[in-house]
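Below is one structure, written out as structure tokens; comments come after it.
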Amino acid sequence: MPELPEVEVVRRGLEAHVLDSVIEGVEVLHPRPVRRHLPGAADFARALTGRRFVAARRRGKYLWLALDDADAGDAMLVHLGMSGQMLVQRPEVAAERHLRVRFGLDSGTELRFVDQRMFGGLALSPGGAVVPTEIAHIALDPLDPDFDDEAFVARVRRSASGIKRILLNQTVISGVGNIYADEGLWRAQLHGEKPGTALTRPQVRLLLDAVRNVMTSALAQGGTSFDALYVNVNGESGYFDRSLDAYGQEGRPCGRCGTAIRRVAFMNRSSYFCPRCQRGPRL
DNA sequence: GTATGTACCTGTTTGC
DNA sequence: TGCAAACAGGTACATA
């Protein structure tokens, strides 16, 4: 599942391989990934044809390619959802099973949006080159130099919600998904159900550092599996190389204390934590 | 303004 | 063996 580090790897790949390319043709093979473009798939294709990619930018899990003018132009906004990939591919390579949108470029390569589950999507953002209005509500991510640590700490400590729920709230901090939330909480030795109001300032700072550190090391590893033709790894492979301390480790010994990692249901998904290192609010 | 629950998707795994 | 249910989970939107 692409979270911030994976999306950043994709952004760098696009920056390296499609910047300065002109879109010569667009083929939308499934309407769902362009559902946010209300005039429809045909209009989406028409509107992008002839445009030039001039910048690749990212906030949290969103990325966008500025078109024609990096300071004042439109943008193509991309979200990979659960299973999305952006691939730079030679045109003669057979279509991927879940190929949804294909861009023919004047460089002789193709940019392909492949997405099995189609939670992701593409949209044309008018005037969105610097920051698309569609994501104005998304908070800065913790790797952004303008991220305000103190404001984050204060925001967390005002909220009675569980800290994991707060971490997943993209209007508070962006780029954190289920995996990095669990990893950050494990490192900071905090239980995800603990209310923000119950946390001390140093605890929240420690958690923020933990989230940053786990993302930074994941990003470093994601970079190593980078392939020149594939702008993206397959969306999962980076994970398998990575050492996860909590996520997906049910029954395995905690790397700190040896207690078996536990899995519990949380918001229609799973949370993994060490029941000894990460004590719940009521236990 | 804030908080919570649910629909959207499809391939794989699990259980009867 | 075969089928159904469970599971993976980020986001927009509806609801409280």
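Within every chain, numbering begins at 1; the chains are lettered A, B, ... in the order of the sequence lines, protein sequences first and strands thereafter.
- In this structure, A:Asn178 contributes its side chain and A:Ser270 its backbone to a donor-acceptor pair below 3.5 Å.
- Looking at which nucleotide of DNA chain B each of A:Arg35 and A:Asn169 is closest to, the 5′-most match is held by A:Asn169.
- Judged by the 6.0 Å distance and 45° axis criteria, A:Arg256 is positioned over the aromatic ring of A:Trp186.
- Atom CZ in A:Arg100 sits about 11 Å away from atom P in B:dC9, given to the nearest Å.
- In this structure, A:Tyr62 reaches the C:dA12 phosphate: one of its side-chain N or O atoms is under 4.0 Å from OP1 or OP2.
- Backbone-only contact: A:Arg263 has heavy atoms under 4.0 Å from sugar-phosphate atoms and none from a base.
- At the heavy-atom level, A:Arg97 lies under 4.0 Å from the strands shown only through sugar-phosphate atoms.
- Between A:Ser270 and the phosphate of C:dC7, there is no side-chain N or O to OP1/OP2 separation shorter than 4.0 Å.
- Between A:Gln116 atom CD and C:dC7 atom C1' there is a gap of 13 Å when expressed in whole angstrom units.
- Listed nucleotides C:dA8, C:dA12, C:dG10 differ in distance to A:His137; the shortest reach to its side chain belongs to C:dA12.
- OP1 or OP2 of C:dT11 has at least one side-chain nitrogen or oxygen of A:Gln170 nearer than 4.0 Å.
- Note on A:Arg165: a side-chain N or O is less than 4.0 Å away from OP1 or OP2 of B:dT4.
- Between A:Tyr62 and A:His79, the ring planes are perpendicular. Angles over 60° get that label, and only those under 30° would be called parallel.
- OP1 or OP2 of C:dT11 has at least one side-chain nitrogen or oxygen of A:His79 nearer than 4.0 Å.
- The nearest whole Å value for the distance from the CZ atom in A:Arg32 to the P atom in C:dT11 is 14 Å.
- Residues A:Arg187 and A:Glu183 are not paired through a salt bridge, judged by the lack of any N-O separation under 4.0 Å between the basic side chain and the carboxylate.
- For A:Ser159, the side-chain atoms get nearest to B:dA3 when compared with the rest of C:dG10, B:dA3, B:dC9.
- When the P atom of C:dC7 is taken as reference, atom CZ of A:Arg269 falls 13 Å away, rounded to whole Å.
- A donor-acceptor distance shorter than 3.5 angstrom exists from the side chain of A:Glu3 to the backbone of A:Gly177, with no hydrogens or angles considered.
- Computed from coordinates, the A:Met82 CE to C:dA8 C1' distance equals 5 Å when rounded to whole Å.
- Between A:Leu38 atom CG and C:dA12 atom P there is a gap of 14 Å when expressed in whole angstrom units.
- Comparing C:dA12, C:dG10, B:dG11 by their nearest atom to the side chain of A:Asn178 picks out C:dG10.
- Nucleic acid contact for A:Phe266: none, since no nucleic acid atom lies under 4.0 Å from a heavy atom of the residue.
- As a whole-Å value, the separation of A:Arg117 CZ from C:dT11 P is 14 Å.
- For B:dT4, one of the phosphate oxygens OP1 or OP2 lies less than 4.0 angstrom from a side-chain nitrogen or oxygen of A:Ser161.
- For the pair A:Asp115 CG and B:dC8 P, the interatomic distance rounds to 17 Å; values are reported in whole Å.
- Using modelled atom types, one finds a donor on one side chain and an acceptor on the other under 3.5 Å when comparing A:Ser271 with A:Lys164.
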